[in-house]
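A quick write-up on the structure given underneath.
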Amino acid sequence: MGSASRVLLFFPRPSLYTVHLRFKSVTAQYSSSPTTTSRFSRMATEASPSSSSSSSVTDGHGINSPTNGETVSSPASSAIDFLFLCHRLKTTKRAGWVRKEVKDPESIADHMYRMGLMALIAPDIPGVQRDKCIKMAIVHDIAEAIVGDITPADGISKAEKSRREQEALDHMCKLLGGGSRAQEIGELWLEYEENSSPEAKIVKDLDKVEMILQALEYENEQGKELEEFFLSTAD
């Protein structure tokens with residue numbers, strides 16, 4: 001059976017198959033550009049409520065974290081700290097490909113980005129909010145910025161994996177400062193985890209298809225034998 005045929009065979013909804021910012025020396029950069037500071041603050045207002053009396057601490061990764069349940073001092077700093085943490089999604093390689101010794105394997109962010117594109121170009125489906133699918137694809141693995149890409153090969157139970165990821169997600173939402181944007185991220189992530197909506201079911205399928213496409217590309221480009229990844233989508 002050809003690789004392309006396997007993609008269609010194991011994907012449960014075949015119709016879906018067709019389907020700068022740079023932060024460096026943040027304090028100096030933004031303090032020297034009042035216009036940019038003002039613009040970013042307006043962008044972040046919805047993401048994080050301002051609290052002039054709040055305090056924060058820096059964790060071992062240079063991320064400002066709330067203390068005593070308080071939010072960080074400003075919407076802009078909350079958004080920047082959150083984005084700094086999300087940078088790990090760009091540098092953390094997907095564990096399955098690492099285990100198979102794939103050369104230059106994709107990152108978690110690479111995976112989520114193409115899922116977002118898949119949701120963007122997918123045909124309209126009655127009862128499904130396409131914009132919601134796009135957002136869900138962007139955040140569905142966001143907790144892996146903290147816990148990493150946990151796979152069955154790690155020997156961690158599903159319950160423990162879920163607990164770790166929920167704890168990480170809660171931390172990230174607090175880091176963002178609460179507010180409507182943090183709440184939206186939390187709700188989208190939980191909806192995906194619980195597979196509790198039509199959108200979550202679609203995005204779960206996109207997750208499988210994206211992995212199959214990536215496996216197919218690695219097979220073609222590097223001569224890898226990645227049958228197990230195709231078979232894993234049959235469940």
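This is a predicted model, so every value here is computed, not measured.
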Measuring from atom [atom1] of [X] to atom [atom2] of [Y], what distance do you get when rounded to the nearest 0.5 angstrom?
X: Leu83; Y: Leu176; atom1: CG; atom2: CG; answer: 8.0 Å
X: Ser162; Y: Glu193; atom1: OG; atom2: CD; answer: 5.5 Å
X: Arg163; Y: Ser157; atom1: CZ; atom2: OG; answer: 9.5 Å
X: Cys133; Y: Ile138; atom1: SG; atom2: CD1; answer: 11.5 Å
X: Thr92; Y: Asp149; atom1: OG1; atom2: CG; answer: 8.5 Å
X: Ile108; Y: Arg94; atom1: CD1; atom2: CZ; answer: 7.5 Å

Which heavy atom in [X] sits nearest to a heavy atom in [Y], and how many Å separate them?
X: Phe230; Y: Leu226; value: CD1-O, 3.4 Å
X: Ala200; Y: Asn195; value: C-OD1, 3.7 Å
X: Ala145; Y: Met172; value: CB-CE, 4.1 Å
X: Leu213; Y: Met118; value: CD1-CE, 4.5 Å
X: Thr151; Y: Ala95; value: CG2-CB, 3.6 Å

Looking at [Y] and [X], is any side-chain nitrogen of the basic one under 4.0 Å from a carboxylate oxygen of the acidic one?
X: Lys224; Y: Glu219; answer: no
X: Arg114; Y: Glu106; answer: no
X: Glu221; Y: Lys103; answer: no
X: Glu167; Y: Arg164; answer: no
X: Lys135; Y: Glu184; answer: yes

- Message: Does the plane of the ring in Trp97 sit parallel, tilted or perpendicular to the ring in Phe229? Use 30° and 60° as the thresholds.
- Response: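 Tilted, since the angle between the ring planes falls between 30° and 60°.
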I want to check something: taking the side chain as every heavy atom from C-beta on, are [X] and [Y] in contact at a cut-off of under 4.5 Å?
X: Leu89; Y: Asp141; answer: no
X: Tyr218; Y: Lys100; answer: no
X: Leu175; Y: Phe84; answer: no

Under 3.5 Å, is there a donor on one side chain and an acceptor on the other for [X] and [Y]?
X: His111; Y: Gln214; value: no
X: Asp110; Y: Ser107; value: yes
X: Ser197; Y: Glu191; value: yes

- Tyr192 ring centre to Lys204 NZ or CZ under 6.0 Å, with the angle to the axis within 45°? yes
